Number of protein chains: 2
Amino acid sequence: MDLAAKAGWYYYINGDTQDAIARKLQVSRQAAQRLVALAVSEKLIKFRLDHPIAECVALTEALRDRFRLDYADVTPDDGPDVRHGLGVAAAAYLEQLLASQAPIVLGFGTGRTLRAAVEELTPINRPQHRILSLVGNMTGDGRASPFDVAVRLADRTGAQCYPMPTPVVAGSIAEKELLLTQRSVETVRNLATQAKAFVVGVGQVCWNAPIQADGFLDEAEVGELLDAGAVGELISWPFDADGAWIKSGIVDRLMGTRPQAPPASPTIAVAGGPDKTQAIRAALHGGLLTGLITDKATAETLLKGA
Amino acid sequence: MDLAAKAGWYYYINGDTQDAIARKLQVSRQAAQRLVALAVSEKLIKFRLDHPIAECVALTEALRDRFRLDYADVTPDDGPDVRHGLGVAAAAYLEQLLASQAPIVLGFGTGRTLRAAVEELTPINRPQHRILSLVGNMTGDGRASPFDVAVRLADRTGAQCYPMPTPVVAGSIAEKELLLTQRSVETVRNLATQAKAFVVGVGQVCWNAPIQADGFLDEAEVGELLDAGAVGELISWPFDADGAWIKSGIVDRLMGTRPQAPPASPTIAVAGGPDKTQAIRAALHGGLLTGLITDKATAETLLKGA
DNA sequence: TCAGTTAAAGGGCAAATGCTCAATCACAGA
DNA sequence: TCTGTGATTGAGCATTTGCCCTTTAACTGA
């Protein structure tokens, strides 16, 4: 034990190689290796990371484990504006994706958080990529959504943009059928199957949720979803507290393609804040996501309740 | 920097390979390696050994007995970089001092070893404490010493800092008198009498000793001290081989207050290495110290020769 | 705009490390 | 004394890590 402590000191504090330690301690190289390992496993030597990020990394790891995610990131939430912090983190992730020289297809949801992420992007020229809207970007009355992400992102990167120039939800099944015959709608829905990744928000479904306030759904429609047990939505597709897709008249009129569960392509959600916690938890439970970028407080709540 | 902290966390605390870290952080394997190295070199990640090593404990006891010390610590250090090991041990001691909730006054010397100790310190917020420079922290030509410890320590702890904004040694007695009338100099000298502890280095006095190389003394001054029998210095005050203060023209121009012998407050020296052994031995003989943090090799030499 | 300079990224390789496994050793019980 | 049991050791090998060096990107000043 004494030897192990010494070996630990030499290795971690003095910076010796295990070979050098073996010589100093007059043991074989392998024995030195075992001693160093022992010092660590017996906690004779302690590692400390003195950095505010340490806690976030721990949460990141916990999220990844608990919800079997491929990618996770937790932002330290200092400051009142959660969305800004998330935006920066999401922008960093997006930059990774966009850095690819080979042409890729990326699908995007909508929302304020994603919009913030795009605003944080450092300008980069990537005309080879294709950016898709996964959600209709018109409100019911024909206005373009101010939170459409694909157009803005394509604008900033010079990428080719494939918006979905329809409402989120068609007025009727007949209207949906009609819209589906449009060349542009067909194209974007086809391209979605080739997407390298989907970057989406998570919306809560409740009275006066953004999806209603922004005019994508009216009061009756929100009521219908709530009656069916919806707690959240992913690129407009509503799900219940277990993350199972809701069956309802509305979903038959949704213009986007439904995400697969489990996802066929990496599906990264950018979402945080107390209002969204329940929806995020449900989406995670349902295995609808492969990645999550969230803030520290939300991560803690997700892990506590789960 | 954030990334480096994350990498350090994953590598040392989570035990991931650099490959796994690269995947999690979405960077190349080499980049992950650099990040881990950076986390270590920037001291984001710290190592602490929590185990008394028998051999060193014996030396510690022997030192304490032989030189009537209140505190002693011996590091197992054996490599070329004695300073780093001493720094870790000294940092552990400092953390203990700083942990005090009650406001305390701490006096500090200068030097590379102490500086290393401060760099090893875990950030801790202690605005209630007061940190003093016991030595002028300007070189002769008005530059700030890069090895000033008080400022850096106060910076890391949020403590109130009282530097001594003068050269180590005034150009003349008249200049010293003038400087002593400065409010800041007066304050720091007064506070020194209330110090809970002094943490100091031990400097050797010889040709090209740090005290000369760093521009605190010129060649003529070093010569004068050597002629007077100086072998070492404690917060700039030179002493001979028996640890008795040197009388010389220079000492009348020193800006710091002379340490009392025996010390009125706990006076802990952090020093080691073959070059300094003679100076340390002299300081111990003269009873100038109440504590010593040194390395194994130095401790052995001190005990053998004494 | 473009050449010159500097920093960063990645390929590749040698050194360091971790791990498996067969050989050896210590020891208890017949 | 012999033998079985289990722990310990070090050889050998696969993986991981550190580092050099070339390539690439970014930036600066004319």
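Everything quoted here is computed from the prediction, not taken from an experiment. Chain naming here is simple, since letters A, B, ... match the order of the sequence lines and numbering starts at 1 in each. The analysis underlying the following values was restricted to heavy atoms, covering all of them including side chains, and did not include hydrogens, waters or symmetry mates.
The side chain of B:T17 sits closest to D:dT17 out of D:dT17, D:dG10, C:dT17. Taking the side chain of B:Q18 as heavy atoms from C-beta on, and the options C:dT17, D:dG18, D:dG10, the nearest nucleotide is D:dG18. Listed nucleotides C:dG12, C:dT17, D:dG10 differ in distance to A:Q30; the shortest reach to its side chain belongs to D:dG10.
Side-chain to base pairing of B:R34 with D:dG18: no donor and acceptor N or O lie closer than 3.5 Å to each other. No hydrogens or angles were tested; on distance alone, nothing pairs the side chain of B:R29 with the base of C:dG11 as donor and acceptor under 3.5 Å.
Salt bridge A:D73/B:K6: present, at least one basic N to carboxylate O contact under 4.0 Å.
Inspection of the A:D70 and A:T290 side chains reveals no N or O donor paired with an N or O acceptor under 3.5 Å. Counted by atom type alone, A:S133 and A:D148 present one or more donor-acceptor pairs between their side chains at under 3.5 Å.
B:L38 places its CG atom 17 Å from the P atom of D:dT17, with the value rounded to the nearest Å. Between B:D16 atom CG and C:dT17 atom P there is a gap of 19 Å when expressed in whole angstrom units. Atom OH in B:Y12 sits about 11 Å away from atom C1' in D:dT17, given to the nearest Å. Remark: P of C:dG18 and CG of A:D19 are 12 Å apart, rounded to the nearest angstrom. What separates CD of A:E95 from C1' of D:dA26 is a distance of 15 Å, to the nearest Å. Straight-line distance from the CG atom of A:L35 to the C1' atom of C:dG18: 14 Å, rounded to whole Å. Regarding B:L25, its CG atom lies at a distance of 14 Å from the P atom of C:dG10, rounded to whole Å. Here the P atom of nucleotide C:dG12 and the CD atom of B:Q33 are 17 Å apart, to the nearest Å.
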Under the criterion salt bridge (charged side-chain N to carboxylate O under 4.0 Å, His left out), I'd like the reasoning laid out for B:D295 against B:K276: C-alpha separation, chi angles, the key distance, then a yes or no. CA-CA 11 Å; B:D295 63 294; B:K276 289 197 171 171; over 6 Å; no

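A donor-acceptor contact shorter than 3.5 Å is absent between the side chain of A:H51 and the backbone of B:D2.
Place A:Y11 and B:S28 on DNA chain C by their nearest nucleotides, and B:S28 ends up nearer the 5' end.
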